[in-house]
Peer 1: 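Structure below; questions to follow.
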Amino acid sequence: MALIYINARCKRMLNVLLTQSDYISVNRIAEALNISRRTVYYDIEKLNIWLEQAQLSKLEVVHGKGLFLSSREREQIQAMLSQDTKQPIYTFSPEERARIIICYIIYSPKLIYLEQLMECVEVSRNTIFTDLKEVSRLLEQYDLTLDYQPKQGYRVIGDVVRIRALFILYFNELSGLFNSGIIKFYHPDQIQGYLKKLEQIEAELGISYVEGVLPSIATLLPLLYQNRRSIAFTGLKQAEIEKTHEYALTKKYFPDLKPEEQLYLSLHLLGSRVNLVPDEFFESKPQNDVYDLTTALISEFEKTACVIFDNPRELERALFIHLNTSLYRYRFGIQIGNILGDDVIKEYPDLFAITKTAARRLEKQIGFPIPDSEIAYLTLHFGGFLKISSSKKDQLRILIICVNGMSTGNMIKREVQKLLPFAKIVDVVAAIGLTNVQDICDLIISTVKISSVVPSITVHPVLTEFDRKSILTHRLVAPRNVSLQRKQIFQVVRPYVKPEDYDALLQDLTVYMQTERDEPQIEAAEDYDLLSILDDSRIHVITEQCQWQQSIRMTGKCLISNSSIQKEYLETIISQLHYYGPYMFLTDDVILAHAKPEDGVNCLDISLGIFRTPVKFSEHRQARLVIVLAAEDQEKHLKILQDILKIVSDFEGMEQLCQCSTASEVILILQQLLT
């Protein structure tokens, strides 16, 4: 029997597990492989398909412990890895199959038969019919339709530019499978020929496109040559594009393309090399429309993340500038290849997941897909404006220089404030030719090397652990950090020490902290997930019919008993729902009830109410699940929210939850959905 193909990253995870004689946490695996927790769980799913095919026990994440392999399981896996697999088999996930089918149908110059789809993703007829339902759902999100012609096959119909934009999005998501040769419906030799021409254009332009951009455009070119339908360039200044060097090179290297397709290709070459497509290529878009989209996106993020921004006007301005031209990139499917995208997803997985959920509102309004690279930019915008709790000020003045954009600079500012609560961030600037900086700051943190009379630290645009240690060990930072830590420890142990021993204690703490200064310990953020807080006492299965106000009070009553919230917190939620309407709904069946931390939150907590009779919140809104969240700041609850979003997006899992009769059954279902 041939083994299912697993990639190198999955094999590295297995090697990590094979060296362990005890449980290893998901966090430790992520750290060892330099990947995110989300990626760890994704790879576990892949490995379980591989193990199931080999008739071995699946990997199970034990809550609070992690993963563990018995000695017998380690021997079996080692034996499987050592087998010679000359023709590995790759099993696609349901999500991958749906995206592959869409790409296949769009890419083919002819209609695709059902049997061709079965052969492409190697599944049965019944499975393909299930996949086609998901394909139709995905297409409908972008006003596209899966059309079937009897005795001819399937095709995607709708706006041509929108179809191409969706193809580029899914191609990039599946690029690893394309590059490995596992997906075979396209012609790699032809693509390589196009890619060489694009690389020649790149050389003549004297620029470097971000990795992955040119292969995406090369794969798109066969669709341009097919030119099955005319393209409408609404809002595009064609004369301005025709003046560019990119357009001249497109005509030189692709003279056989139709004029409209040469224009389309030139736009991709122009838009893919910069963060913002130049304004001169587009007709002015009504600013009110962009502003409405901006405020709607911020509102959706606040609702999803359960936060309220302190300075929304500044965030609105930054997002407005970004979206004003990004909307054209979305429309034409231009991929800019965010070089920080992978780092953002790895360092801020919870914030990225919440931003992606909030951006679905934007996708529905504009009717175009938004790639993860763009979600990463939006994540930096939002993350830079989240408030740091318990921030303190001192005399150390820090200037941040970031040439990668203000959203990245604001995120660095926030990270530095978390590391150094005693410091004052005097400004975030993009220029490096500043004069008299010694008058405004004592230390510079910069994403590029600079020459300055003021001491400086060079860091990556997305801070790494090395960057954080460099900041903490700097000669201007370490003494203040030691002093702060000494004060914090002293305040903790002070009640247990006699007053006459205070001076000796402070002296001993000073010696200890200075000794440990060379190897600073970065305080790990407390990783609160849903299952670490939600227990039987916080889950209620309610069979009787009740009013929506009563459902909030019944679900949140245990949080009052736990002293996690004050009674007025629930009343504030009810008042907000009275005034604004049922805006807190996550899905048709789930409401996430919350208010501000200052409205009566003592500590982070959450409770869940399952109502057998749906609770009517308005004429068109009723909930089967009522969740009451008490968030004490703007950050600690983000992982909990990511878990909640994962649960409510699983239709079958939601149905199972709503049928539970006891709290223990709910916990069991949640463990299955989240591990």
Side-chain angles (χ1 to χ4, degrees), residues 4-5 42 45-46 48-49 52-53 89-178 180-187 216 219-220 222-223 226 228-229 333 356 360 363-364 367-372 587-589 646 648-656 673:
I4 294 172
Y5 171 81
Y42 176 78
E45 292 179 7
K46 288 285 187 185
N48 279 337
I49 296 174
E52 185 178 27
Q53 178 73 9
I89 301 171
Y90 186 95
T91 300
F92 301 114
S93 69
E95 295 79 10
E96 288 171 339
R97 291 200 304 268
R99 284 155 176 76
I100 291 169
I101 290 170
I102 289 174
C103 287
Y104 187 15
I105 295 174
I106 291 174
Y107 202 75
S108 174
K110 300 179 181 179
L111 275 65
I112 297 295
Y113 291 107
L114 187 70
E115 290 74 15
Q116 291 174 291
L117 296 177
M118 293 166 56
E119 182 180 355
C120 179
V121 293
E122 298 179 332
V123 294
S124 67
R125 179 180 293 267
N126 288 338
T127 303
I128 278 292
F129 282 128
T130 301
D131 290 341
L132 289 173
K133 292 179 182 178
E134 175 64 10
V135 166
S136 295
R137 188 190 69 81
L138 291 172
L139 293 174
E140 286 172 2
Q141 293 178 357
Y142 307 110
D143 291 332
L144 301 174
T145 304
L146 179 65
D147 179 57
Y148 175 71
Q149 297 290 321
K151 298 183 179 181
Q152 295 185 52
Y154 292 92
R155 62 176 178 171
V156 175
I157 57 176
D159 180 78
V160 177
V161 175
R162 192 168 297 189
I163 290 173
R164 292 179 181 181
L166 190 60
F167 174 83
I168 297 174
L169 174 69
Y170 288 160
F171 170 80
N172 285 332
E173 290 181 356
L174 300 166
S175 59
L177 299 178
F178 279 101
S180 65
I182 294 171
I183 300 177
K184 305 181 187 300
F185 64 74
Y186 78 120
H187 306 292
S216 295
T219 309
L220 182 67
L223 295 179
Q226 291 174 21
R228 282 172 278 182
R229 287 172 53 195
K356 189 167 186 174
R360 287 175 187 158
E363 287 183 323
K364 289 179 180 179
F368 290 94
I370 301 177
D372 283 356
T587 67
D588 291 340
D589 292 327
K646 182 177 180 180
V648 300
S649 65
D650 189 316
F651 177 78
E652 293 182 0
M654 278 290 300
E655 289 301 315
Q656 291 176 339
L673 293 174

Peer 1: Taking C-beta and beyond as the side chain, do Leu166 and Leu139 meet within less than 4.5 Å on heavy atoms?
Peer 2: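 Yes - at least one pair of side-chain heavy atoms lies under 4.5 Å apart.
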Peer 1: Atom CZ in Arg155, atom CG in Asp147: separation rounded to 0.5 Å?
Peer 2: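 With rounding to 0.5 Å, CZ (Arg155) is 4.5 Å from CG (Asp147).
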Peer 1: Please report the closest heavy-atom contact between Ala98 and Glu134, naming both atoms and the distance.
Peer 2: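 Shortest heavy-atom separation between Ala98 and Glu134 comes out as CB-CG, 3.8 Å.
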Peer 1: Closest approach of Ile128 and Met118, non-hydrogen atoms and distance?
Peer 2: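 Looks like CG1-CG, 3.5 Å.
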Peer 1: Any salt bridge linking Arg137 with Glu140? Criterion: basic side-chain nitrogen under 4.0 Å from a carboxylate oxygen.
Peer 2: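 No, Arg137 and Glu140 are not salt-bridged.
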Peer 1: Using 0.5 Å steps for rounding, measure from the CD atom of Glu45 to the CD atom of Glu95.
Peer 2: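 Separation between the atoms: 7.5 Å.
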Peer 1: Minimum heavy-atom separation for Gly653 and Leu673, please, with both atom names.
Peer 2: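 Looks like CA-CD2, 3.8 Å.
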Peer 1: Taking atom CD of Glu652 as the centre, report whether more than 12 heavy atoms of other residues, nucleotides or ligands fall under 6.0 Å from it.
Peer 2: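 Check fails, neighbour count at 12 or below.
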Peer 1: Does the side chain of Arg125 come within less than 4.5 Å of Glu115's, by heavy atoms?
Peer 2: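 Yes; the side chains approach each other to less than 4.5 Å.
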Peer 1: Taking Arg162 for the side chain and Leu144 for the main chain, is one N or O donor matched with an acceptor at less than 3.5 Å?
Peer 2: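 Not a single qualifying donor-acceptor pair exists.
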Peer 1: Can you find a pair of side-chain heavy atoms, one from Val160 and one from Arg164, that are under 4.5 Å apart?
Peer 2: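 Answer yes - side chains close enough.
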Peer 1: Donor-acceptor pair, distance only, cut-off 3.5 Å: does the side chain of Ser136 make one with the backbone of Leu132?
Peer 2: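 Side chain of Ser136 to backbone of Leu132: a pair is present.
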Peer 1: State the OG-CG distance between Ser216 and Asn172, to the nearest 0.5 angstrom.
Peer 2: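 One gets 3.5 Å once the value is rounded to the nearest 0.5 Å.
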Peer 1: So among Leu138, Ile106, Asp131, Ile112, which one has a side chain to side chain contact (heavy atoms under 4.5 Å, CB included) with Ile101?
Peer 2: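 The option that passes is Asp131.
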Peer 1: Looking at every non-hydrogen atom in both residues, tell me the closest pair between Glu363 and Tyr142 and how far apart they are.
Peer 2: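 Shortest heavy-atom contact: OE2-OH, 3.6 Å.
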Peer 1: For Glu655, is the CD atom crowded, meaning more than 12 foreign heavy atoms sit under 6.0 Å from it?
Peer 2: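 Enclosed: over 12 neighbouring heavy atoms sit under 6.0 Å from CD of Glu655.
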Peer 1: Which heavy atom of Asp589 sits nearest to which heavy atom of Met654, and what is that distance?
Peer 2: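 That would be CB-CE, 4.4 Å.
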Peer 1: Out of curiosity, Tyr113 OH to Glu119 CD, how far, rounded to the nearest 0.5 Å?
Peer 2: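 Interatomic distance, Tyr113 OH to Glu119 CD, rounded to 0.5 Å: 14.0 Å.
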Peer 1: Donor-acceptor check, side chain of Glu96 to backbone of Leu174, threshold 3.5 angstrom: yes or no?
Peer 2: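 Side chain of Glu96 to backbone of Leu174: no pair is present.
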Peer 1: For Tyr148, which residues count as a ring pair (Phe, Tyr, Trp, His ring centres under 6.0 Å) partner, sequence neighbours excluded?
Peer 2: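 Only Tyr154 meet the ring pair (Phe, Tyr, Trp, His ring centres under 6.0 Å) criterion with Tyr148.
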Peer 1: Can you check side chain to side chain contact (heavy atoms under 4.5 Å, CB included) on Ile105 and Leu117, steps first, answer last?
Peer 2: CA-CA 9 Å; Ile105 295 174; Leu117 296 177; 4.2 Å; yes
Peer 1: Just checking Asp143: does its CG atom have more than 12 heavy atoms from other residues, nucleotides or ligands closer to it than 6.0 angstrom?
Peer 2: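 Yes, enclosed.
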Peer 1: If every non-hydrogen atom of Pro222 is compared with every non-hydrogen atom of Thr219, which pair is closest and at what distance?
Peer 2: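 Distance-wise, the nearest heavy atoms are CD-O, 3.2 Å.
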